[in-house]
Amino acid sequence: MASPQRIEVDKLSVEQLKALKEQTDLEVNLLQDSLTKIRSAATRLENASAALHDLSLRPQGTTTTTTTRLPLPPLFLFFSSFSRSIWGFGKKMLVPLTASLYVPGTLDDSEKVLVDVGTGYFIEKTMTEGKEYCERKINLLKSNFDELVEMATKKKNIADEMGLLLQAKLRQSSPSPSS
C-alpha cells in the first residue's frame, strides 16, 4: 500500500499555494456541512426515541387531556394502525405528514411502530425494538460525528498554516517601500 506523498509547501509557488489553500478550505466546508447533517439526524433520532419512551410510560387504556411529545419527526416513526388509543379507545390525535402538515387519526396499537430505515423503506418493530434501533443509530452518528470533528480540526489547522505561509510569501514577493 503506497503512502500519500508529503508536499513541501515551502517550495510551492504563490499560485500553487493559493490553489492548495482553496482546496483545503473547500474540504473544511464540506466536513462542516457533514457535521451539521449528522447533528440534525441525531436530533431527529433523539426526538423519536423520546417520543417512544413517553408513549411506553402511558398505561394502556388511560385517558388524558395533556399533550404528549407528538408529533414525531416527519416520516420517521409512525404508529402502525389507528383506531384504539393508549389514551382511551378511539382517542383522536394528529399524525404528522410533514413538519407543518398533520392529519387526524387515532392510535390502534401502541406496541407497534414503523421505523423509516431510509430511501422510503419502513420496518414494523415493537416499541422496545424501535427504541433500541434509535439508540444504535444515535451511537453510530455520535461516533461518526467525533471522527469528523477530529478530521475537520486537522484540515482547519492545515488551512490556517497554509494561509500564514501564503501571507508570508506575498509579503516576501511584494516590493518593500523605500524611505
Side-chain angles (χ1 to χ4, degrees), residues 4 22-160:
E22 287 174 9
Q23 176 64 34
T24 307
D25 285 339
L26 179 64
E27 290 174 10
V28 168
N29 289 337
L30 290 172
L31 288 170
Q32 289 173 339
D33 288 345
S34 295
L35 288 170
T36 301
K37 289 176 184 175
I38 288 175
R39 196 176 307 121
S40 173
T43 299
R44 286 192 309 271
L45 283 165
E46 287 166 351
N47 289 342
S49 182
L52 286 172
H53 177 73
D54 285 354
L55 286 172
S56 70
L57 295 178
R58 299 233 180 241
Q60 192 73 11
T62 301
T63 304
T64 181
T65 56
T66 60
T67 307
T68 188
R69 288 175 88 104
L70 292 177
L72 297 172
L75 300 178
F76 185 72
L77 289 174
F78 291 103
F79 296 96
S80 59
S81 50
F82 296 93
S83 81
R84 187 186 75 242
S85 169
I86 58 175
W87 298 284
F89 184 77
K91 182 71 177 171
K92 294 187 183 214
M93 60 184 286
L94 293 176
V95 179
L97 295 179
T98 68
S100 59
L101 181 64
Y102 304 87
V103 294
T106 53
L107 186 59
D108 180 30
D109 185 356
S110 64
E111 282 303 311
K112 301 281 184 188
V113 293
L114 290 179
V115 179
D116 181 0
V117 293
T119 61
Y121 288 96
F122 294 86
I123 297 176
E124 185 176 82
K125 293 188 174 280
T126 65
M127 185 85 64
T128 303
E129 291 170 339
K131 284 191 262 185
E132 290 169 355
Y133 175 85
C134 289
E135 292 305 315
R136 280 194 314 273
K137 293 298 265 185
I138 289 168
N139 291 335
L140 176 65
L141 288 173
K142 285 182 179 178
S143 170
N144 290 346
F145 185 85
D146 294 340
E147 290 175 17
L148 279 178
V149 165
E150 185 178 326
M151 193 181 307
T153 301
K154 287 178 182 177
K155 287 283 185 182
K156 179 75 172 122
N157 290 339
I158 291 170
D160 291 345

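Since the model is a prediction, treat every value here as computed from it, not as a measurement.
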In this structure, OG1 of Thr36 is separated from CG of Leu31 (nearest 0.5 Å) by 11.0 Å
Please enumerate all residues that pass side chain to side chain donor-acceptor pair (under 3.5 Å) together with Lys125, with sequence neighbours excluded. none
Any chance you could measure Lys154, atom NZ, to Glu27, atom CD, to the nearest 0.5 Å? 14.0 Å
Checking Thr43 against Arg39 for the side chain to side chain donor-acceptor pair (under 3.5 Å) test, could you report, in this order, the C-alpha distance in whole Å, the side-chain angles of both residues, the deciding distance, and whether it holds? CA-CA 6 Å; Thr43 299; Arg39 196 176 307 121; over 6 Å; no
What are the two closest non-hydrogen atoms of Val28 and Lys156, and how far apart are they? CG2-N, 3.6 Å
Return the CG to CE distance between Asn144 and Met151, rounded to the nearest 0.5 Å. 10.0 Å
Please check this pair: side chain of Ser49 against backbone of Leu45, looking for a donor-acceptor N/O pair closer than 3.5 Å. no
When you look at Leu26 and Glu22, which way does the side chain to side chain contact (heavy atoms under 4.5 Å, CB included) test go after all the steps? CA-CA 6 Å; Leu26 179 64; Glu22 287 174 9; over 6 Å; no
Please round to the nearest 0.5 Å and tell me the distance separating atom CZ of Arg136 and atom CD1 of Ile138. 11.0 Å
All heavy atoms of Val115 vs all of Gly130, minimum pair found to be CG2-CA, 4.3 Å
Let's go through Lys131 and Glu135 carefully: what are the C-alpha distance in whole Å and the side-chain angles of both, what is the deciding distance for salt bridge (charged side-chain N to carboxylate O under 4.0 Å, His left out) to 0.1 Å, and is it a yes or a no? CA-CA 6 Å; Lys131 284 191 262 185; Glu135 292 305 315; over 6 Å; no
Distance col, row Asn47:CG vs Leu52:CG, nearest 0.5 angstrom, shows 11.0 Å
Sidechain N-carboxylate O distance under 4.0 Å for Asp33, Lys37: no
With a 6.0 Å cut-off (strictly less than), is the heavy-atom count around NZ of Lys137, excluding the residue itself, greater than 12? no
Run the numbers on Thr126 and Lys112 for side chain to side chain contact (heavy atoms under 4.5 Å, CB included), then give the verdict. CA-CA 5 Å; Thr126 65; Lys112 301 281 184 188; 4.2 Å; yes
Heavy-atom closest pair, residues Thr24 and Ala159: CG2-CB, 3.7 Å
Note: Asp116 and Tyr133 closest approach over all heavy atoms is O-OH, 4.1 Å
Between Ser34 and Leu30 (side chain of the first, backbone of the second, donor and acceptor by atom type, cut-off under 3.5 Å), is there such a pair? yes
Go through the steps for Asp146 and Glu150 under the test side chain to side chain contact (heavy atoms under 4.5 Å, CB included), then give the verdict. CA-CA 6 Å; Asp146 294 340; Glu150 185 178 326; over 6 Å; no
